[in-house]
Protein chains: 2
Amino acid sequence: MALNDRKIQILKAIINDYIATAEPVGSRTLAKKYDLGVSSATIRNEMSDLEDMGLIIQPHTSAGRIPSELGYRLYVDRLMNTSELTPKEQEFLHSVVSGNITKIEYLMEETAKAISMLTNYTTIISEPILKRTALKQIRLMPLDESAIMLIIVTEGNFVKNHIIRVNIAPSDEDLFSVSVKINNILKGHTLEDINEHTIMALQKELKEYSGLLKPVLKAVQKTIRSAENVHLHMSGAKNILTFPEFSDISKATEIFRAFEEKNNLVSLLEDAKSNDIRILIGNEINIKEMKDCSVITTTYNMGENTKGSIGIIGPTRMNYNQVVSVLNEMVKNIENVLKTVPDGKNT
Amino acid sequence: MALNDRKIQILKAIINDYIATAEPVGSRTLAKKYDLGVSSATIRNEMSDLEDMGLIIQPHTSAGRIPSELGYRLYVDRLMNTSELTPKEQEFLHSVVSGNITKIEYLMEETAKAISMLTNYTTIISEPILKRTALKQIRLMPLDESAIMLIIVTEGNFVKNHIIRVNIAPSDEDLFSVSVKINNILKGHTLEDINEHTIMALQKELKEYSGLLKPVLKAVQKTIRSAENVHLHMSGAKNILTFPEFSDISKATEIFRAFEEKNNLVSLLEDAKSNDIRILIGNEINIKEMKDCSVITTTYNMGENTKGSIGIIGPTRMNYNQVVSVLNEMVKNIENVLKTVPDGKNT
DNA sequence: AGTTAGCACTCAAATAAAGTGAGTGCTAAC
DNA sequence: GTTAGCACTCACTTTATTTGAGTGCTAACT
């Protein structure tokens, strides 16, 4: 059976209507609401064909049709028309990143919030993760009589700090020169780079302050490890409750439970490997609790090796068109901010 | 009408039963389930009295009774027996804080998560807030050719950092000596302390690097301001959905909406002024969306002027007894950690 | 006096029955 | 190939009926 123009037109109408109303749509509704130029009976015949092709489904005998996953797939791949955001929406999204954002965490937080506000879906964002976390700067500074602070800046200007307890705090100047020495040795190294050789070199340099070696090394390790972890931000999870498909508390709870499992979210975002926008529909998501959801993901870049992902989660009946536009716009914004004003990144 | 022993016994039984089952409890149930030594008819008479006294309520004519807010008030003030946590529970709570926690944010996050897991209620925690944020250390360090980083440590060892773009980055040594100079002038100062005099002094010291003055001052201001902000952590909001009193989606959504308003949560926690445990029941909470909830709050100390709060939110029918025990235990744990190993606090 | 058995009464909730309407598939005519 | 017409289906709504937990009151008992 061929998927002629009229069939496509009808399928599009069904999907658009269902996205808007969440109600199965019948032939009469289509005939009245959309200017298809044929009678409901004809539409009925076409719908019957579409159902045979697996693109739409009848929930029960005397109901209208709803799109199947296959139908959505066809829709997002070939039928969906992309639209521009309104100037107001663009401005809103832009205002979020243009504010005085001092920490990358806040930027992520705000971005997630903005997207979920605009779309009414749930947003998750992963902070940029460094492929190979190298140390950029290591510095010791005095805190008080019995404590000094270790500051570590990694590639990408992520800052970490650790307090080190000591018996007698070395002088400011001593700490500075120790810092410079450590720095010379560890700078540019990653965790696996730190071997016996580097440690020996450190031992030699820190002869006078041998008590510092161990805590410093430990802190450095911790830092690199943590920088290699994925940090997630989520916003608008409660929006799930606003969709009639999840008005059953047990369904909502199920999804929330899936959200709680960090691995789930990470794996969702990891699907966003390429820079393109990726769409997973229903069971294409490999998380059974989310079989009635769709996820749209993409990545944003922040320097060469550093990229994070954004994912938007909604019912399969989500507004794919809008979400894609929002994602594109927001990625543009974020990349701009991260490129032009890499101000105060931190973890 | 006197509140004799038997009435108290019956009231306690009603409240305990209702907390456990969420079902209105009738005279027959009480007579069967609890060993009160009298018949259901007698209990009925007493219940009638308790209702006259406003301690219990009949949702409708042919239903059992449920506690009124007044009833709960009496219960938590005078009737409730406190119980110990099981060793297992204690161990669980302890394991949370004893892990390798490098940042105060994570400690808070984990604590909130643990409490809400154990109690099944929603937990909010405010990070310790400094009464008067003073600067402790200010340091500049090189990043690359055109950027240096400003590190600021405030009283309480909170660390902030800002990247400053420059045309030509001064040398490491120069930055060190500039740091020491700035430090000498600003150390110990709070925001309102920074006046023309200090700025003049800075201008003089930074003659050679006048381009640094403005960004440094701006960053310092930002830092202090942000440190004076309340940072909140919330966990287990979705637990709300598990209670039959909120099984109506619209009720749940209402509460979630209230949760979204940060001011609401802050004001809840601010009620926890004293070190004691405070309990707010139903309408005692001044947030109308939360009139069917109760909140139990307390504070924890971290050094003299630094204290944060923990709040647990559940239905009015919450397990006050358990929550109080958990809170007490957890505060003990947190204070221990913050006292003995004040390691790597950060904001 | 206080307690209790007995009983009529109430009313939410569960169950059953009847009615409604949007939607379908099929047929026959255009 | 298209469409009007019609019988049929079935979720949903409405209305009626039944059920049962719980109450308050009264009269008898200790």
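Values in this document were obtained by computation on a predicted structure and should not be read as measured data. Proteins come first, then strands; the chains are lettered A, B, ... in the order of their sequence lines, and each starts at number 1.
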Mind running a 4.0 Å heavy-atom check of residues 18-26 of chain B against DNA chain C and sending the residues that fall below it, in number order?
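Going residue by residue through residues 18-26 of chain B, none turns out to have a heavy atom under 4.0 Å of DNA chain C.
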Nearest-neighbour nucleotide for the [X] side chain, [options] considered:
{"X": "A:Arg28", "options": "C:dG23, D:dT2, C:dT4", "value": "C:dG23"}
{"X": "B:Asn45", "options": "C:dT4, D:dT23, D:dG24", "value": "C:dT4"}
{"X": "B:Thr42", "options": "D:dT2, C:dT3, C:dG23", "value": "C:dT3"}

Can you tell me how far [atom2] of [N] sits from [atom1] of [X], to the nearest Å?
{"X": "A:Ile56", "N": "C:dT24", "atom1": "CD1", "atom2": "C1'", "value": "12 Å"}
{"X": "A:Gln58", "N": "D:dT9", "atom1": "CD", "atom2": "P", "value": "14 Å"}
{"X": "B:Met47", "N": "C:dT3", "atom1": "CE", "atom2": "C1'", "value": "17 Å"}
{"X": "B:Asp49", "N": "D:dG24", "atom1": "CG", "atom2": "C1'", "value": "13 Å"}
{"X": "B:Ile66", "N": "D:dA21", "atom1": "CD1", "atom2": "C1'", "value": "16 Å"}

Reading DNA chain C 5' to 3', how would its secondary structure be written in dot-bracket notation, given Watson-Crick and G-U pairs with both distances under 3.5 Å, brackets [ ] for crossing pairs and | for partners on other strands?
.|||||||||||||||||||||||||||||
With a 4.0 Å limit, can you tell me whether B:Arg65 has a side-chain N or O closer than that to the phosphate oxygens OP1/OP2 of D:dG22?
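Indeed not, no polar side-chain atom of B:Arg65 lies that close.
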Would you say a side-chain N or O of A:Ser40 is under 4.0 Å from OP1 or OP2 of D:dT3?
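No, no such contact exists.
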Earlier contact from the 5' end, DNA chain C, for A:Ser48 and B:Ala41:
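Its nearest nucleotide lies further toward 5', so the answer is B:Ala41.
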Between the protein and nucleotides 7-17 of chain C, which nitrogen or oxygen pairs are less than 3.5 angstrom apart?
{"residue": "C:dT10", "atom": "O2", "partner": "B:Ser62", "partner atom": "OG", "Å": "3.4"}
{"residue": "C:dC11", "atom": "OP1", "partner": "B:Thr61", "partner atom": "OG1", "Å": "3.1"}
{"residue": "C:dC11", "atom": "O4'", "partner": "B:Ser62", "partner atom": "OG", "Å": "3.0"}
{"residue": "C:dC11", "atom": "O2", "partner": "B:Ser62", "partner atom": "OG", "Å": "3.1"}

Interatomic distance, A:Ile249 atom CD1 to B:Ile249 atom CD1 [nearest 0.5 angstrom]
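Here the interatomic distance stands at 4.5 Å.
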Sugar-phosphate, base or nothing in reach of B:Thr29, heavy atoms under 4.0 Å
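Sugar-phosphate only.
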Could you tell me how the ring of B:Phe243 sits relative to the ring of B:Tyr121: parallel (under 30°), tilted (30 to 60°) or perpendicular (over 60°)?
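Geometry flag for B:Tyr121 against B:Phe243: parallel rings.
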Should we say atom CG of A:Asn81 is surrounded by more than 12 heavy atoms from elsewhere, each under 6.0 Å from it?
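Yes, enclosed.
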